[in-house]
**Q** 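Before I ask anything, let me first share the structure, which is written out below as structure tokens.
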Amino acid sequence: MSDDQTTPRASDQKDHRNRPSSKAFVDFITSGWGDRPDLGVTPSPAVPFTAARRARLAEQLPGARLVVPAGSLKVRSNDTDYRFRPHSAFAHLTGLGTDQEPDAVLVLHPVEAGTGDGGGDHHAVLYVRPLAARDTEEFFADARYGEFWVGARPSLDDVTTLTGIEARHVDELRDALAKDVGAGVLLLVVTGSDEAVETLVEAIRAEASSDEAAEADQRTDEDLVRAASELRLVKDEVEVAQMREAVDRTIEGFAEVVHALPRAVAHRRGERVVETTFDAHARLEGNAVGYETIAASGEHATTLHWITNDGEVHEGDLLLLDAGVEVESLYTADVTRTLPVSGTFTEVQRRVYQAVLDAADAAFEVARPGVRFLDVHEAAMRVIAARLAEWGLLPDGVTAEVSLTAEGQQHRRWMVHGTSHHLGLDVHDCAQARRDLYQEGTLEPGMVFTIEPGLYFKADDLAVPEEYRGIGVRIEDDVLVTADGNENLSAALPRDPAAVERWMAEQRG
Ligand code: GLY
Ligand code: MN
Ligand code: MN
């Protein structure tokens, strides 16, 4: 199916369109339609929570107009777009997920103190491209936005009902953004989401008359980006419920993969059997995968982000599966299990696996409110360094203690990645948060992050005895910090080697 649209694109330079343009055709196709069915939109359960998130963001940047674009459709090739995914800051602040809504822009307008949303000093408006009427050319001719091509989008009323936010036509955006810029209002935009909106903001700033107060204001777009990212460090109860859902759907996907292992072993690209089994489950039960599935068998497991997934799967291999279901609200799990394809670990596989598991358990031991995020990593590293020393793998004269010093770190040859990252709407969530709130930050109830130590011995790693070469193990769980410790959200997926073997046997019947 090709693009018969009217929106200018490179493809329009050569006119391959065969859509009729006769008046008779246009008159006919734009008439004779019944009423549109009611989409049955009801308020999202997230409405009070997203309102609280917006209020907390606005409190940090008083007096500024905050612009949070959903983003635009991205070209995949020529006239074909990727499936739309809104920017995570937009999803967080509106509660909109799945493919909602290309080109929409959330704006938090500054208003007189106490007169804004919830008695605050900001009023939120969502500027959206509403559904075009059936007598417009967009209706039948616009392959990007037209109802004939991509289906009916929500009306302005639907958007307000769903989100609890006033919705207005995106055509009003320019004037709304420009109001009082140059007369005391600072305009800040979340960058990296929608170039057209950023360009519009730049133009408004450039056109605004000089404004001493605004010029003296040191706050920048970066402050907004950072604040929106830091706002997600602690999840509210709706977010935690979504994380639980994402993890539960992910665990089901892992079970599906175990069922598919005989098919994977039989196929010349067994890793693709693993990938597509998990990804099909993610599409069926959620929105999609939260990141490209890593289906790494044998030596491929030593490549941290192996997503080519075109290798064979052999009976004696370990299969490292790192995968997460992203639910419709766009929260994602991020779970890894390293499974013996045969159903039973060999002695050396079990030795490496147990070391990684002990490192993970040590990290779980320390994860509670009040400790630093980095302490979790350090707990895991003490175990990894100790095991490597015990196995005689650290260089001569290097003890585990020496390796653990900042000047040492030799053990990291076999685990170059970190132990943990925040998790939520982005698989690597809160990435723009300041270091003193993230790595150096203190754990608080409601934080969700991964614990994912690993050991990776490449096939040509001459620093380790041959028996270790080609073995890669990672165990990754999703952790919620609670009032007095933590909860392993992915605990229902077995981790202990004996439990993994039992579970695999059960799955295979
Ligand atoms: N799946 C990527 C990661 O574990 O961070
Ligand atoms: Mn991870
Ligand atoms: Mn992962």
Side-chain angles (χ1 to χ4, degrees), residues 85 88 229 232-233 235 242-244 246-254 257 271 274-275 277-279 281-282 286-297 300-309 318-327 330-339 353 356-357 359-361 363-364 367 373-374 376-377 379-381 384 412 414-433 438-439 443 447-456 472-481 486 488-495 500:
R85 183 191 193 279
S88 296
S229 195
R232 310 210 304 263
L233 282 165
K235 271 65 180 171
Q242 291 302 302
M243 290 305 303
R244 289 185 191 282
V247 171
D248 290 351
R249 300 291 79 79
T250 297
I251 291 172
E252 292 164 2
F254 274 70
V257 166
E271 290 174 345
V274 172
E275 175 195 317
T277 300
F278 187 88
D279 290 12
H281 181 78
N287 184 51
V289 288
Y291 53 92
E292 296 298 329
T293 295
I294 297 167
S297 195
H300 286 161
T302 68
T303 301
L304 302 176
H305 286 171
W306 174 257
I307 57 170
T308 311
N309 301 343
L318 288 178
L319 169 71
L320 186 156
L321 174 60
D322 181 342
V325 172
E326 174 190 86
V327 291
L330 306 180
Y331 287 82
T332 188
D334 179 12
V335 174
T336 306
R337 288 293 181 267
T338 306
L339 306 169
Y353 187 96
V356 174
L357 183 60
D361 286 346
F364 272 99
F373 186 78
L374 257 177
V376 177
H377 169 67
M381 287 308 93
I384 293 288
R412 296 294 295 278
W414 296 290
M415 182 185 149
V416 295
H417 62 78
T419 303
S420 298
H421 57 80
H422 278 267
L423 180 67
L425 284 163
D426 291 340
V427 62
H428 295 163
D429 213 30
C430 313
Q432 283 78 31
Y438 196 131
Q439 282 89 351
L443 299 189
M447 286 183 168
V448 176
F449 56 85
T450 64
I451 289 182
E452 52 174 309
L455 278 172
Y456 312 90
V473 172
R474 176 161 66 252
I475 305 170
E476 178 172 26
D477 285 284
D478 300 343
V479 188
L480 168 68
V481 180
N486 68 69
N488 180 357
L489 299 176
S490 42
L493 194 56
R495 311 163 66 242
V500 168

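Whatever order the structure lists ligands and atoms in, that order sets their numbers, starting from 1. The shown structure was predicted, so the numbers you read here are calculated from the model rather than taken from an experiment. This chain uses plain numbering: 1 for the first residue, then up along the sequence. Note: hydrogens, waters and symmetry copies are ignored here, and every other heavy atom, side chains too, is used.
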**Q** So, of the N/O/S atoms that His421 has, which is the nearest one to the Mn ion (ligand 2)?
**A** NE2
**Q** Considering just N/O/S atoms, say which atom of Glu452 is closest to the Mn ion (ligand 2).
**A** OE2
**Q** With heavy-atom distances below 4.0 Å as the criterion, list the atoms of ligand 1 near Glu476.
**A** 4 (O)
**Q** Is it true that a side-chain atom of Ser420 and a backbone atom of Thr450 form a donor plus acceptor pair closer than 3.5 Å?
**A** yes
**Q** Of all N, O or S atoms in Glu476, which has the smallest distance to the Mn ion (ligand 3)?
**A** OE1
**Q** Please verify whether a non-hydrogen atom of His428 lies at under 4.0 Å from ligand 1.
**A** yes
**Q** What class does the angle between the rings of His300 and Trp306 fall in, given that below 30° is parallel, 30 to 60° is tilted and above 60° is perpendicular?
**A** parallel
**Q** Check ligand 1 against Tyr291 and write out every atom of the ligand that is under 4.0 Å from a heavy-atom position of the residue.
**A** 1 (N)
**Q** Does any N or O in the side chain of Asp477 come within less than 3.5 Å of the main-chain N or O of Asn488, such that one atom is a donor and the other an acceptor?
**A** no
**Q** Angle between ring planes, Phe373 versus His422, binned at 30° and 60°: parallel, tilted or perpendicular?
**A** parallel
**Q** Of the backbone atoms (N, CA, C, O) and the side-chain heavy atoms from C-beta on, which set of Thr450 has a member under 4.0 Å from an atom of ligand 1: side chain, backbone, both, or neither?
**A** neither
**Q** Using only N, O or S atoms, tell me which atom of Asp334 is closest to the Mn ion (ligand 3).
**A** OD1
**Q** Determine, using ring centers only, whether Phe449 and His377 are less than 6.0 Å apart.
**A** no
**Q** To the nearest 0.1 Å, how far is atom 3 (C) of ligand 1 from its closest protein heavy atom, and which atom is that?
**A** Asp334 OD2, 3.3 Å
**Q** At under 4.0 Å between heavy atoms, is it the side chain or the backbone of His421 that contacts ligand 1, or both, or neither?
**A** side chain
**Q** Treating Asn309 as the side-chain partner and Ala295 as the backbone partner, does any N or O pair qualify as donor plus acceptor under 3.5 Å?
**A** yes
**Q** Answer yes if the ring centres of His305 and Tyr291 are under 6.0 angstrom apart, and no otherwise.
**A** no
